[in-house]
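Worksheet for the structure shown next.
In each ligand, atom 1 is the first atom listed, and ligand 1 is the first ligand listed. Small disclaimer: the values here were computed from a predicted structure and weren't measured.
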Amino acid sequence: MSHFFFHGVDTVELACTYGTPLYVVSEDEITARIREIKSLFDDRRERCRTHFASKAFLTKDMLGILKREGVGLDVVSGGELYLAREMEFPAERIAFHGNSKTEMEISEGLDYGVGKFVCDSLDEIKLIDEMARSRGARPNVLIRVNPGVKGNTHAHMLTSGGRTKFGLPPDLLRQTAAECAALENVAPVGLHFHVGSQLMDAGAHLEALDVLLGIIKELRDEMNFETRILDMGGGFGVAYTPADKPARIGDFITPMAARVEAFCAANGLTRPDLIIEPGRYITGPSGITLYTVGSVKEIPGVTTYAGVDGGYHDNPRPALYEAVYDAVVANKYGVSPAKNVTLAGKCCESGDVLIRGIMLPDIERGDIVAVLCTGAYCHSMANNYNKNPIPAIVMIKDGEARLSVRRQTYADIYACEMPLP
Ligand SMILES: *Cc1c(COP(=O)(O)O)cnc(C)c1O
């Protein structure tokens with residue numbers, strides 16, 4: 001019987017030192033993943049840049065890594081932009097996304113001078129135009145296209161196709177591009193698409209790209225609208241369990257870039273600057289969550305429920321879209337599986353089950369469970385349901401652990417309560 005080590009650190013010791021639930025994130029893994037992508041994209045071709053989708057995982061430490069590694073940043077809210085500003089993240093490398101930015105958020109983006117706004121409607125572009133006029137600014141705008149391609153992923157992770165709220169279908173896009181070109185205080189510099197998340201191969205990306213390339217040519221030929229920037233989104237899948245077999249990142253990016261280059265060469269177009277926006281790929285496998293097992297309840301003929309001290313409030317993904325995870329019992333690492341267990345969260349929701357059916361060693365109160373691949377969309381989606389505090393984050397670098405974000409206190413949860421009159 002041994003302990004489970006994550007990037008050189010004993011996770012049982014971490015649980016002991018920092019308490020549970022605990023997010024453990026490897027800076028080394030994040031850095032390696034960023035460098036892998038850059039070597040395949042930013043450094044391999046001219047005018048190609050990786051933007052990290054900050055909604056996947058955003059902390060000061062993360063922003064520090066991104067700054068150091070020289071990648072760009074996608075934000076979708078004033079809240080995300082706020083931390084980027086605090087960390088003096090270079091404004092020109094920030095893209096402000098979101099389908100319903102508030103006036104305040106647009107104003108914050110203009111104040112900071114973000115590199116581009118990615119817009120989902122003419123309505124919003126007109127608002128930005130108006131707000132930019134009064135400041136004498138002329139921000140870059142990308143228009144988000146819905147290429148109508150359906151990626152093979154959970155419906156809630158689809159952002160292209162007939163019924164998604166995101167992007168403009170091609171017909172509406174033409175109209176919008178034409179009206180946009182007439183506005184004086186925005187610079188419509190390009191197009192954006194993002195097919196969806198956790199995709200296993202490049203099929204949907206390439207299909208969408210073909211739609212976009214057709215539009216780019218048409219806009220140039222018929223409207224003299226030049227697409228100087230093409231933002232191809234993220235969505236590159238990771239393996240949550242051994243059953244997931246995502247294509248390698250290069251098998252997404254390389255054919256995508258090659259397809260753009262070939263099309264542009266064949267059609268006499270200057271190749272637009274290219275952007276990709278990975279989120280999950282960079283941080284997902286770089287993090288795990290540690291829990292302590294509480295009550296264990298065996299229901300004959302059904303399952304054994306092992307309840308843990310976290311759940312929906314630190315990882316709502318299983319409840320949101322039936323996300324599947326793998327786990328190990330950290331203090332019984334290497335012990336043969338003995339039981340089929342349902343790893344239950346502690347929140348008052350039947351859907352709060354972290355893992356439905358996993359073979360684990362004999363599990364008992366006090367055991368430490370590590371749920372794997374929780375570095376993306378867990379801390380960023382964490383919430384205070386049942387007034388549970390959001391767990392701390394520990395970062396690992398060179399085999400050393402360091403507290404990055406402290407655990408919320410009960411006082412933090414109630415900090416916005418006003419005194420009674
Ligand atoms: C969420 C999102 C991403 C990142 O998606 P991943 O699946 O985490 O790579 C990229 N671009 C846009 C516009 C997004 O909404």
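Rounding to the nearest 0.5 Å places CG of Leu63 at 9.5 Å from CD of Glu80.
Here's the thing with Pro278: none of its N/O atoms is less than 3.5 angstrom from an N/O atom of ligand 1. Where the criterion is an N or O separation shorter than 3.5 Å, residue side chain and backbone included, Arg280 meets it with respect to ligand 1. Some N or O of Gly279 is nearer than 3.5 Å to an N or O of ligand 1, by distance alone. Not one N or O of His192 is nearer than 3.5 Å to an N or O of ligand 1, by distance alone.
Smallest separation of non-hydrogen atoms from Phe263 and Asn267: O-ND2, 2.8 Å. Of all the heavy atoms in Leu83 and Thr59, the pair that sits closest is CD2-C, 3.7 Å. Contact detail for Glu27 and Ile65: the closest heavy-atom pair is CG-CD1, 3.6 Å.
Considering only non-hydrogen protein atoms, atom 8 (O) of ligand 1 sits nearest to Tyr377 OH, 2.6 Å. Of all protein heavy atoms, the one closest to atom 11 (N) of ligand 1 is Glu277 OE1, 2.6 Å. The protein heavy-atom contact nearest to atom 9 (O) of ligand 1 is Gly235 N, 2.8 Å. Here the heavy atom of the protein found nearest to atom 7 (O) of ligand 1 is Ser197 OG, 2.3 Å. The nearest heavy-atom contact from the protein to atom 1 (C) of ligand 1 is Lys55 NZ, 1.3 Å.
Close approach of ligand 1 to Arg144 is summarised as follows: ligand atoms under 4.0 Å from at least one heavy atom of the residue are 13 (C). Within ligand 1, the atoms closer than 4.0 Å to a non-hydrogen atom of His97 are 13 (C), numbered from 1 in the order shown.
The ring of His194 has its center no closer than 6.0 angstrom to the ring center of His97.
With Asp244 contributing its side chain and Tyr240 its backbone, the two residues share a donor-acceptor pair below 3.5 Å. Without hydrogens or angle criteria, Ser380 side chain to Ala56 main chain gives a donor-acceptor distance under 3.5 Å.
Salt-bridge annotation for Lys332 and Asp367: present, with a side-chain N of the basic residue lying under 4.0 Å from a carboxylate O of the acidic one.
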